[in-house]
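Down below is the structure, laid out as structure tokens.
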There are 2 protein chains.
Amino acid sequence: MTVPRAAKTQRRTRIQEEKEERILDAALDVFSSNGFRGATIDQIAESAGMSKPNLLYYFRTKEAIYRTLLERMLFTWLEPLRAFDAEGDPEAEIRSYIRRKLEMSRDFPRESRLFANEILRGAPHIEDELAGPLKDLVDEKAEVIRAWIKAGKLGRCDPYHLIFSIWATTQHYADFDVQVRAVLGERRAGEGRFDDAARFLELLFVRGLDIKSAKGSFG
Amino acid sequence: MTVPRAAKTQRRTRIQEEKEERILDAALDVFSSNGFRGATIDQIAESAGMSKPNLLYYFRTKEAIYRTLLERMLFTWLEPLRAFDAEGDPEAEIRSYIRRKLEMSRDFPRESRLFANEILRGAPHIEDELAGPLKDLVDEKAEVIRAWIKAGKLGRCDPYHLIFSIWATTQHYADFDVQVRAVLGERRAGEGRFDDAARFLELLFVRGLDIKSAKGSFG
DNA sequence: TGATAATTTGACCGGTTGGTAAAACATTAC
DNA sequence: GTAATGTTTTACCAACCGGTCAAATTATCA
């Protein structure tokens, strides 16, 4: 029998681990730039340097690849928000949250686009994830922000929309990259635009939220 | 001969106009929620209440429908930015720009998602539009903002990233609607979230940009 | 080395999809 | 009414696509 077909009980051979990684990387490329429906197994297989049946030996279906990718991505996507610390200084926390999210857009644009794609389509694969773990986490952090407001460390504002606006502005640089590049033109072609964005966004939020820093302004 | 096939010379029959409109509306539904590749002609045809060959009598290809939709959408999408007035009061202009964009997210979410989809895919159909007309318009408005800054009406900041951040935050409510709803839960289920968003965003930007209003604070 | 299990390949299949051909049907113009 | 033009339908096709199968090949290990 040749049943195992990747991860039946646990990770088996070194070759399995290696190939699966190559497939996932190729799939991330293809899915993030073509969407689930727009991606073909042949494309992924070719990009991973193997034949379609060979790829299907490691992942039984296209869906299986996609789901694996989504799972991994969701975890890292939430990492920065998890790091948001109630004990920390509001200004420092918000600044570093913005910076972290911006770094993710710079370093993992494919993951960001994969996520954007899924959400655009109505999140058919992760609706439970959104209404469950994500909502809980956001609720928790919103409470932190609300406490800061009550303590007078922050101007009054809706913490949910605050979080949304940080997500939106930072992910924009990954998801709408083509547009950003087209508009900026040759000016600041390289990674410089991420530094500019960080500067602008930190200023916008720190000032806009009327944050009273414990240790005064950094700048 | 039955050659005309929709708009050979000019708009001909009333029936043509009517059917084309129905097709475009159905196509907007289908394209915006499934992407170009994910949409099928059959789906569009069914949603428009006609047979596939009948639909193809009005638009020769799937591409043709998509292009028509994109063209229309781009025009209205840029409308709010065009309305941005150099002569106006900075605070009023930025407030109304935010409000207008937010209204577009509320009233035309399908168009917003169609656009987001196209950009996510690398804007294959509208790259010229982005690097040409869009860039020119943004350059022009960035100059306006820069002038306001020079005149001391606005704190120093990068006008391009300012525009990006308004785009991002406002379109977020259309493009990431599922996520927004999931996180907000039953709380503020209806259209109320747009009012909350408007309140938050206007506050964030007016304060964050350190705008010195001619007529003092509105609130 | 040989047996056993893991991996890879080529050939194939059924369903879907974008699009066509041609004839039937409806509408309008005279 | 009838001829010309505009519209709709039925039947169809070729390419693509997700996935299977069985045989061939390679790696592992006693």
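So you know, we letter chains A, B, ... as the sequences are listed, proteins then strands, and number each from 1.
In this structure, B:Leu55 atom CG and C:dT17 atom C1' are separated by 14 Å, rounded to whole Å. In this structure, A:Leu56 places its CG atom 18 Å from P of C:dA11, rounding to the nearest Å. One can place NZ of B:Lys52 at 12 Å from C1' of D:dA11, the figure rounded to the nearest angstrom. Atom CD in B:Glu18 sits roughly 18 Å away from atom P in D:dG6 (whole-Å rounding). One interatomic measurement links the two molecules: CZ of A:Phe59 to P of C:dT7, which rounds to 13 Å at whole-angstrom precision. Look at CD on B:Glu20: it is 13 Å from C1' on D:dT7, rounded to the nearest Å.
With ring centers used as reference points, B:Tyr173 lies 6.0 Å or more from B:Trp167.
In terms of phosphate contacts, A:Tyr57 brings a side-chain nitrogen or oxygen within less than 4.0 Å of OP1 or OP2 of C:dT7. Phosphate proximity of D:dT9 to B:Asn54: present, with a side-chain N or O under 4.0 Å from OP1 or OP2. OP1 and OP2 of D:dG6 both lie 4.0 Å or more from every side-chain N or O belonging to B:Gln16. Between B:Ser51 and D:dT9 there is a side-chain polar atom (N or O) within less than 4.0 angstrom of OP1 or OP2. For the pair A:Tyr58 and C:dT8, the criterion of a side-chain N or O lying under 4.0 Å from OP1 or OP2 is met.
In summary, B:Arg67 and B:Glu63 engage in a salt bridge, as defined by a charged side-chain N under 4.0 Å from a carboxylate O. No salt bridge links B:Arg193 with B:Glu186; every basic N to acidic carboxylate O contact stays at or beyond 4.0 Å. We find that A:Arg110 and A:Asp29 are joined by a salt bridge, their nearest charged nitrogen and carboxylate oxygen being less than 4.0 Å apart.
In summary, of the residues considered (A:Arg100, A:Arg95, A:Lys101), a salt bridge (Lys or Arg N to Asp or Glu O under 4.0 Å) with A:Glu202 occurs for A:Arg95 alone.
Near-neighbour residues of DNA chain D inside residues 28-47 of chain B, defined by a heavy atom below 4.0 Å, number-ordered: B:Arg37.
Side-chain atoms of A:Pro53 lie closest to D:dC21 of the nucleotides C:dG19, D:dC21, C:dT20.
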Write out a two-atom table: protein N or O, nucleotide N or O from nucleotides 24-26 of chain D, distance below 3.5 Å.
none

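For the 3.5 Å distance criterion, the side chains of A:Gln171 and B:His172 fail to qualify, holding no donor opposite an acceptor.
Side-chain atoms of A:Lys19 never come within 3.5 Å of backbone atoms of A:Met50 as a donor-acceptor pair (strictly under, hydrogens ignored).
Between B:Phe84 and B:Trp148, the angle of the ring planes lies from 30° to 60°, which puts this pair in the tilted group.
Remark: the A:Lys62 side chain and the D:dG19 base include no donor-acceptor N/O pair separated by less than 3.5 Å.
For the pair A:Arg82 and A:Phe75, the cation sits on the ring face: its NZ or CZ lies under 6.0 Å from the ring centre, inside 45° of the axis.
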